[in-house]
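Atoms within each ligand, like the ligands themselves, are counted from 1 in listed order. The structure displayed is predicted, hence computed values, not measured ones.
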Amino acid sequence: MLVLPKGFRHIPGFLDRDRQEALVEEIRAVVAAAPLYRPAMPKTGKDLSVRMTNCGTLGWVTDKALGYRYQPQHPVSQEPWPAIPQSLLDLWQTVAGAYKPPQACLVNFYAETARMGLHQDKDEQDLQTPVVSVSLGDACLFRVGGRERNDRTVSFKLSSGDIVVLGGESRLAFHGVDRIYPATSTLLKNGGRINLTLRRVTP
Ligand code: SIN
Ligand code: FE2
């Protein structure tokens with residue numbers, strides 16, 4: 001039986017194709033202003049396979065020297081991050097409207113072979129507000145567990161237009177992306193998957 005952690009929501013097909021296409025255009029504009037860069041793990045300096053950028057007043061970044069953190073500028077260009085597109089703020093209003101608006105939107109780009117190891121989102125001072133994430137492009141195998149790394153996990157596919165909410169007891173649930181399913185969507189011309197993660201950072 002598939003037992004999801006309490007407060008975890010998966011909303012398949014939240015965005016229809018037209019809204020997905022409109023959102024991709026908005027993300028293209030974000031990436032034009034704040035190019036994707038290759039983040040590195042703290043201490044080891046090992047590259048992540050996912051490329052990243054952000055929009056919002058704060059962005060989540062990581063590198064060898066300073067590790068995981070939020071900062072108001074792009075780590076390469078040192079420019080302020082572009083604003084979060086209105087359509088994402090509207091989406092937040094619909095699924096997490098009881099909470100203050102998001103300050104950060106992490107843009108993750110997964111090429112065919114990229115993945116993301118099991119981790120918790122815990123670099124935010126505010127751990128009450130849910131984390132809301134949107135999937136675009138190729139499907140992936142997503143995994144979510146409990147608050148301890150060794151808790152049982154459940155895996156399922158996330159497709160383009162799906163939303164995931166990590167709220168309540170699942171706010172600190174371990175989660176990750178085991179693999180991308182190449183060529184499962186026609187949304188992105190050159191394939192791959194985009195994940196947008198909206199977060200409140202300060203209370
Ligand atoms: C993340 O946890 O930052 C990304 C999750 C995803 O790609 O669905
Ligand atoms: Fe995460």
T202: side-chain hydrogen bond (donor to acceptor under 3.5 Å, both in side chains) partners, not counting sequence neighbours: Q103
Could you grab the protein N, O or S atoms closer than 2.8 Å to the Fe ion (ligand 2) for me? H119 NE2, D121 OD1, H175 NE2
Would you say that R200 contacts P101 through its side chain, given a criterion of any heavy-atom pair below 4.5 Å between the two side chains? yes
For atom 1 (C) of ligand 1, the closest protein heavy atom turns out to be M116 SD, 3.5 Å
If you look only at distance, which donor and acceptor atoms sit under 3.5 Å apart when one is on a side chain in residues 169-183 and the other is two or more places apart or in another chain?
from : atom 1 : to   : atom 2 : distance (Å)
S170 : OG     : G7   : O      : 3.3
S170 : OG     : F8   : N      : 3.3
S170 : OG     : G167 : N      : 3.0
S170 : OG     : G167 : O      : 2.8
R171 : NE     : T129 : O      : 2.9
R171 : NH1    : D121 : O      : 2.8
R171 : NH2    : E124 : OE1    : 2.9
H175 : ND1    : H119 : O      : 3.3
H175 : ND1    : A173 : O      : 3.0
H175 : NE2    : H119 : NE2    : 3.1
H175 : NE2    : D121 : OD1    : 3.2
D178 : OD2    : R143 : NE     : 3.1
D178 : OD2    : R143 : NH2    : 3.0

Taking the side chain as every heavy atom from C-beta outward, state whether D63 and V61 have any atom pair closer than 4.5 Å. no
By salt bridge (Lys or Arg N to Asp or Glu O under 4.0 Å) - contacts of D162 (at least two apart): none
Other residues, nucleotides, ligands: >12 heavy atoms within 6.0 Å of Q128 CD: no
Do any nitrogen or oxygen atoms of S133 lie less than 3.5 angstrom from nitrogen or oxygen atoms of ligand 1? no
Under 4.0 Å to a heavy atom of Y110 - the qualifying atoms of ligand 1, by number: 4 (C), 5 (C), 6 (C), 7 (O)
Is it the case that the side chains of W60 and D123 hold a donor-acceptor pair, with the cut-off being a distance below 3.5 Å and no angle test? yes
Looking only at side chains, do D90 and Q86 share a donor and an acceptor under 3.5 Å apart? yes
For atom 3 (O) of ligand 1, what is the nearest protein heavy atom, given as residue, atom name and distance? N108 ND2, 3.3 Å
Modelled atom types, side-chain donor and acceptor of T62 and R69, under 3.5 Å: no
Short N or O distance, R193 and ligand 1, threshold 3.5 Å exclusive: yes
Under 4.0 Å to a heavy atom of V177 - the qualifying atoms of ligand 1, by number: 6 (C), 7 (O), 8 (O)
Indicate yes or no: does an N/O atom of H175 lie under 3.5 Å from an N/O atom of ligand 1? yes
